[in-house]
Each structure stands twice: as structure tokens, then as C-alpha cells.
2 protein chains.
Amino acid sequence: MLSKKAQYAFRALSTLVRTDLQRRADGADATVAASDAPTSITEIVKVHPMSTKFLETILLDLKRGGILGSKKGKGGGYYLLKHPDDTPLAQVIRILDGPIAPLPCVSLHFYERCQDCNEAVCGLNRLMAEVRDANLAVLEKRTLSDLAVDPGAGLAGA
Amino acid sequence: MLSKKAQYAFRALSTLVRTDLQRRADGADATVAASDAPTSITEIVKVHPMSTKFLETILLDLKRGGILGSKKGKGGGYYLLKHPDDTPLAQVIRILDGPIAPLPCVSLHFYERCQDCNEAVCGLNRLMAEVRDANLAVLEKRTLSDLAVDPGAGLAGA
DNA sequence: TTAAATCCTACTAATCCGATGGGATAAAAG
DNA sequence: CTTTTATCCCATCGGATTAGTAGGATTTAA
């Protein structure tokens, strides 16, 4: 199960994505940099009600994780460092919740040898590696862009 | 990540499966009932070193969950209620760790409505439902039998 | 009657999670 | 240069969960 941290992160990111795509649409070229249009924590909380302080720690994590940039001081806030297409959901989850694999001994980014268990013989490893791969097939393919898709699109006028 | 409980459960189950398959091979027909050849906690711990008391609570859970039967008193122990092929890994995980889905609002067996989030509009639901399905594709297909497969088979003589 | 097993309830120690508080630092605006 | 509005950083805290323990009741075979 995703932690609250990860859930809040996705909510916050969804608004950052919308802002980012909007900026790209408006500023035709790269005339408007992402750092010129940062979104503050206060603004995000207005859209997605949650603890301001808690969100702060989350956005800091995402910044340290290389997903967000920030601008301090008045008019400051956070912004995406890359195109939403280029940040898979897996990256967000790893930053906030750690390993995606069901066992440390099949984790790609957080591998730990398992005690009392010969990996070559252990039947569980193989199976859990399958589960990990099934997960990653989705989580590495789907990106922040997919978060912001409006499922009502195409229905409005029809 | 799987809890220790689930990990221990799988280890214990792997020996119960081996015993069960052995019994089926020996007793040709159904001349030997599973309840005639129960395996005690003590025996399991000999194979897989772990806290006896902790394993006790785990096997009790598996019994209440409908996977194991038990026989009390001297010579007693635990045994599989069904053919190993007929217990998917998903069932074991649900008993010991609860939901498999990454969010309560996309869980099949432990569904809970999510607050502050319109499911029809929320982009995350759709994506996490995809993750859930990817997981279940493996965990409902793979069974206890897969736990006991010897990966060295076919290599010994070659 | 004894020994060996499951069964049951409660408890505990440690860890993790969600959240909060207080302040340092930076930048823009007047 | 001061105020305001932000991010940044660190420490703490209550509650929940996890992993494991304790002790005894119950059942059955020998």
C-alpha cells in the first residue's frame, strides 16, 4: 500500500503537471522557463486540502530526489525539472516509500541479501521477482503526464 | 513489501507443500488422507529456523483463513486443506498482510472509499488499478505449487 | 497419567507513520 | 532597510503497526 506521503505527493504533482503543461502551451517556445512560474505550497493546499507542514516535507523530498526544483522568497515555489513525460511514477514512489519490490532480495534499487535463505534455491525469490517486474512494467511506463489526464475529455460536448 | 509474517508463512508452506506432494505420490490414490500426515510446528522450525511462538500465530492465521487444517494432541500438526495448485499466493498474502492493491479505493477485497478525492476524476485511481491488475495477474496465477519447485531440477546430471 | 501438540488471550518492545513546531535563510516589494 | 512571503532544516511527538513473547487451557496418543 502507498503511504499517505506518496498519495499526497501524487496529488501535489498533478497540479504541478497541469501548470507545467499550461505554461508549455502558452509560452509556445521556451520563452517562459519553468522556474519563472513556480507554484507555492499555499497554492497547492488550496486545491488539495492537506497539512501544509506535511506537504512541505514531501516537496522537499521530491526536490532532493531530483524531480522538483524550487525558488525561494516571495513569489517562490516549486516546479517540475523535466517534462512530465520523463518522470515515471516508479521514481516518485521510490523517493517517498522506498522499494517497490515485495522483498529486499529482489529489489533493484534497494537490494539487500536475505538471511536464512539461499537465493538460488528459494522458490519465493523467483516468484516475487515476477511480481516486481509486473509492477515495474506499469510504474516505469506510466509517468506524471498520466496523472493529469482528464477522464472527462471528449464527453463534454458529445 | 511483504511482512515478516508473510515471508515466514511462505517458508512454512513450502515444506507443507513438499510433504503434501510426497504423500500424494506415495499414497497413489486417496488412501492416505492429508490429516493422517500432519506436520508439527517443531518440525517446520527445524527446517526453517524462526521463532516457534511467532510461527504458531502465523499457522493459526492460515488455518482461520481456510488454507490449513490441523490436528491437536500428540502426533498432531498442520496440513494443506486443498491441492497446492488450488491456493494462489494472493490468498496467503491477503490473510497475513491484507490488501494487495496500492490504494484502498482500488482494492477488491478490502475496498474503502477515499476521502478528498472524486474517484471518477482522480487520475491516480486509474493508474493504481492498473498496478493492482498487474500484481494479481501474477499472484492469482501462481500457487503454492510454484513455491516448492526445485530450480535445480534438470541440472543435476547435465 | 504423562507427554506432545494445538489453541487462545494478552502483553511488550521497537519501529514506523503522520503530523507538528520553531526557527534559519532567501528573495521580492515597498 | 524593513516587511512579507516563501523555502529550508531539524527536532519532536503521539498513535499505530510490527515482530515477538508469556502463560496457560485444551486435546489426543501412548
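Being a predicted model, the structure only gives us computed values, none of them experimental. A note on names: the letters A, B, ... follow the listed sequences, proteins ahead of strands, and every chain is numbered from 1.
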Specify the separation, in whole Å, of atom CE of A/M1 and atom P of C/dC16. 19 Å
Where each residue is assigned the nucleotide of DNA chain D containing its nearest heavy atom, which of A/G75 and B/D97 is assigned the position nearer the 5′ end? A/G75
At under 4.0 Å between heavy atoms, what does A/I41 touch on the DNA or RNA strands: base, sugar-phosphate, or nothing? sugar-phosphate
Evaluate the side-chain proximity of A/T143 to A/D146: yes if any heavy-atom separation is below 4.5 Å, no if none is. yes
Report the distance from atom CD of A/E56 to atom P of D/dA11, rounded to the nearest whole Å. 15 Å
Does D/dC8 have OP1 or OP2 sitting under 4.0 Å from an N or O in the side chain of A/K63? yes
Rounded to whole Å, please give me the gap between CG in A/L55 and P in C/dT20. 12 Å
Does a side-chain heavy-atom distance below 4.5 Å link B/K5 with B/D61? yes
Do the side-chain N or O atoms of A/Y78 get closer than 4.0 angstrom to the phosphate oxygens (OP1, OP2) of D/dC8? yes
So if I take every side-chain heavy atom of A/F54 and compare against C/dG18, C/dA28, D/dC8, which nucleotide ends up nearest? C/dG18
Can you tell me if A/S51 touches the phosphate of C/dT20, counting only side-chain N or O atoms and a distance under 4.0 Å to OP1 or OP2? yes
In whole angstroms, the gap separating C1' of D/dC9 from CD1 of A/I58 amounts to 16 Å
Are A/L62 and A/Y79 linked, directly or through intermediate hydrophobic residues, by side-chain heavy-atom contacts shorter than 4.5 Å (ILVMFWY only)? no
Would you say C/dA19 has OP1 or OP2 under 4.0 Å from some side-chain N or O of A/Y8? yes
With a 3.5 Å cut-off and heavy atoms only, can you find an N or O donor on one side and an acceptor on the other between the side chain of B/K53 and the base of D/dG23? yes
Let me spell it out: for each of B/T39 and A/K5, pick the nucleotide of DNA chain C with the closest heavy atom. Which residue's pick is nearer the 5' end? B/T39
Side-chain atoms of B/S40 come closest, of D/dC9, D/dT5, C/dA5, to C/dA5
Out of C/dT20, D/dA19, C/dC8, minimum distance to the side chain of B/R64 belongs to C/dC8
In whole angstrom, give the distance that lies between atom NZ of A/K74 and atom P of C/dA27. 15 Å
Shortest side-chain distance from A/K72, nucleotide among C/dC7, D/dA19, D/dT7: D/dT7
Determine, using the 4.5 Å side-chain heavy-atom cutoff (strictly less than), whether A/M1 and A/L103 are members of one ILVMFWY cluster. no
Would you mind checking if B/E56 and B/K53 are paired as a salt bridge, meaning a charged N to carboxylate O distance below 4.0 Å? yes
Is there a donor-acceptor pair closer than 3.5 Å between any side-chain N or O of B/R132 and the backbone N or O of B/V106? yes
Which nucleotide in C/dT20, D/dA19, C/dC7 has an atom nearest any side-chain atom of A/T57: C/dT20
Separation of C/dA24 C1' from A/L60 CG (nearest whole Å): 13 Å
Measure CG/B/L62 against C1'/C/dC7 and give the value in whole Å, please. 15 Å
A/K4 side chain: which of D/dA29, C/dT20, C/dA19 is closest? C/dA19
Once you round it to whole Å, what is the distance between C1' of C/dT6 and CG of B/D61? 14 Å
Side chain of A/S70, heavy atoms from C-beta onward: which of D/dT5, D/dC8, D/dC9 has the nearest atom to it? D/dC8
